[in-house]
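Every chain is numbered from 1 and lettered A, B, ... according to where its sequence line falls, protein lines coming before strand lines.
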Protein chains: 2
Amino acid sequence: MSRIRHLSGRVFEKLLKESGVDVFNGAQGRILYVLWEHGQLTITEIGRLTSLAKTTLTSMLDRMEAGGLIERIPDKRNRRQVFISVTEKAKGYREKYDLISDKMSEIFYDGFTDDEIIGFENQLRRIIKNLEKEGV
Amino acid sequence: MSRIRHLSGRVFEKLLKESGVDVFNGAQGRILYVLWEHGQLTITEIGRLTSLAKTTLTSMLDRMEAGGLIERIPDKRNRRQVFISVTEKAKGYREKYDLISDKMSEIFYDGFTDDEIIGFENQLRRIIKNLEKEGV
DNA sequence: ATAGTATTGTACTATATAGAACTATACAAT
DNA sequence: ATTGTATAGTTCTATATAGTACAATACTAT
């Protein structure tokens with residue numbers, strides 16, 4: 001499992017490069033993805049949706065902000081929190097990102113029947129539940 | 001898949017801690033595991049078996065050597081390569097590690113039949129092959 | 001109002017990971 | 001023997017990740 005995660009990360013980076021996407025990488029792609037799906041999010045919410053620690057996000061969002069992909073928008077109602085919003089530039093990459101995700105699935109499940117994929121993904125969900133029971 | 005890897009990493013670290021193992025972590029455990037299985041290995045071979053880049057291994061093995069878990073043994077036949085060998089200290093942890101691995105499997109596959117586990121792991125191997133075909 | 005507690009995000013630090021460039025060595029073709 | 005190429009590992013650099021400690025702010029109970 002660990003090897004798969006590892007290898008798939010590297011394959012995904014390669015696909016991004018081949019598609020000429022050099023403004024963000026796999027991890028940043030996942031952050032953009034949840035932002036595309038949900039619109040504005042606070043850093044804590046992004047952490048919950050991506051399973052990344054907030055300390056990881058601070059520096060990651062720094063780099064993404066420097067690259068013009070996201071903006072930090074202070075919340076006037078609650079001055080502790082900051083909304084993260086995607087820029088127009090980042091919006092322009094969404095379609096390309098979806099294509100790469102599809103391509104990734106094709107590579108991953110090459111030779112699998114539809115039923116096998118469904119069964120496999122159900123088993124993944126069962127494993128997630130098993131792990132979550134451990135309360136980590 | 002990414003969430004499972006993330007969660008299982010945390011569960012594994014927790015089990016290590018609960019067992020009082022604080023001299024190595026999950027990633028280092030995987031390296032020790034392939035060394036226990038195969039005996040002496042070169043760095044390139046460890047990289048192949050763990051899917052870690054050799055640049056990653058250089059610094060990881062530095063830390064493990066400093067922690068007295070492994071030794072670097074120059075190959076006299078081929079002076080380019082270096083054998084990595086586990087120390088007696090590391091050997092003492094094998095039994096504990098195996099127990100933790102078993103416990104990990106129990107948590108992971110809770111509710112799975114033996115056939116389901118066999119089928120699932122075959123599918124994992126197929127996915128690894130699919131990803132390796134990409135030559136990353 | 002105030003004191004205590006919870007939350008939100010950041011700074012600092014350590015480790016993990018890998019790409020690019022490099023050195024040293026081995027091998028292969030002539 | 002020489003020259004070119006492949007292999008093994010390290011150094012240097014950049015990014016990714018998270019733990020600890022912290023500051024600022026919000027909330028809650030009195």
Grab the [atom1]-[atom2] distance between [X] and [N] for me, whole Å please.
X: B:D22; N: C:dA14; atom1: CG; atom2: C1'; value: 16 Å
X: B:M64; N: C:dA14; atom1: CE; atom2: P; value: 21 Å
X: A:I43; N: C:dG9; atom1: CD1; atom2: P; value: 5 Å
X: B:Q28; N: C:dA14; atom1: CD; atom2: P; value: 16 Å
X: A:K54; N: D:dA24; atom1: NZ; atom2: P; value: 16 Å
X: B:L41; N: D:dG9; atom1: CG; atom2: C1'; value: 15 Å
X: A:E45; N: C:dT8; atom1: CD; atom2: P; value: 9 Å
X: A:E13; N: D:dA16; atom1: CD; atom2: P; value: 8 Å

Distance below 4.0 Å between [X] side-chain N/O and [N] OP1 or OP2:
X: B:T56; N: C:dA18; result: yes
X: B:R63; N: C:dA14; result: no
X: B:R72; N: D:dA8; result: no

Looking at the side chain of [X], which of [options] is the nearest nucleotide?
X: A:R80; options: D:dT25, C:dG9, C:dT17; result: D:dT25
X: B:N25; options: C:dG9, D:dA26, C:dA16; result: C:dA16
X: A:M60; options: C:dA18, D:dA16, D:dG9; result: D:dA16
X: A:Q81; options: D:dA8, C:dT8, C:dG19; result: C:dT8

Would you classify B:T58 as touching base, sugar-phosphate or nothing, given that sugar-phosphate means primed atoms plus P, OP1 and OP2, and contacts are heavy atoms under 4.0 Å?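 Touches a base.
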Categorize A:L52 for me: base, sugar-phosphate, or nothing, with a 4.0 angstrom heavy-atom threshold over every strand shown.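 Contact class for A:L52: sugar-phosphate only.
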One thing to verify: whether [Y] and [X] come together as a salt bridge, which I'm taking to mean a side-chain N less than 4.0 angstrom from a carboxylate O.
X: B:D75; Y: B:R79; result: no
X: B:R72; Y: B:D62; result: yes
X: B:E88; Y: B:K91; result: yes
X: B:E116; Y: A:R126; result: yes

What do the steps show when you test A:F12 against A:N25 for side-chain contact (heavy atoms from CB on, under 4.5 Å), and what is the final call? CA-CA 9 Å; A:F12 199 79; A:N25 58 26; over 6 Å; no
Is there a donor and acceptor pair, one atom on the side chain of A:T55 and one on the base of D:dG19, closer than 3.5 Å?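 Answer yes: a donor N or O sits under 3.5 Å from an acceptor.
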Can you find a donor-acceptor N/O pair under 3.5 angstrom joining the side chain of A:R79 to the base of D:dT25?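 It does not, because no donor-acceptor pair links the side chain of A:R79 to the base of D:dT25 below 3.5 Å.
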Pick the nucleotide of DNA chain C nearest each of A:V82 and B:R30; which residue has the one closer to the 5' end?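 Result of the comparison: A:V82.
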Starting at the 5' end of DNA chain C and moving along, which residue's nearest nucleotide shows up first, A:F83 or A:K17?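 Its nearest nucleotide being more 5', the pick is A:F83.
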A:S59 vs B:L57, nearer the 5' end of DNA chain D by closest nucleotide: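 With A:S59 and B:L57 compared, the 5'-side residue is B:L57.
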Classify the ring geometry between A:F24 and A:Y93 as parallel (under 30°), tilted (30 to 60°) or perpendicular (over 60°).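 A:F24 and A:Y93: perpendicular rings.
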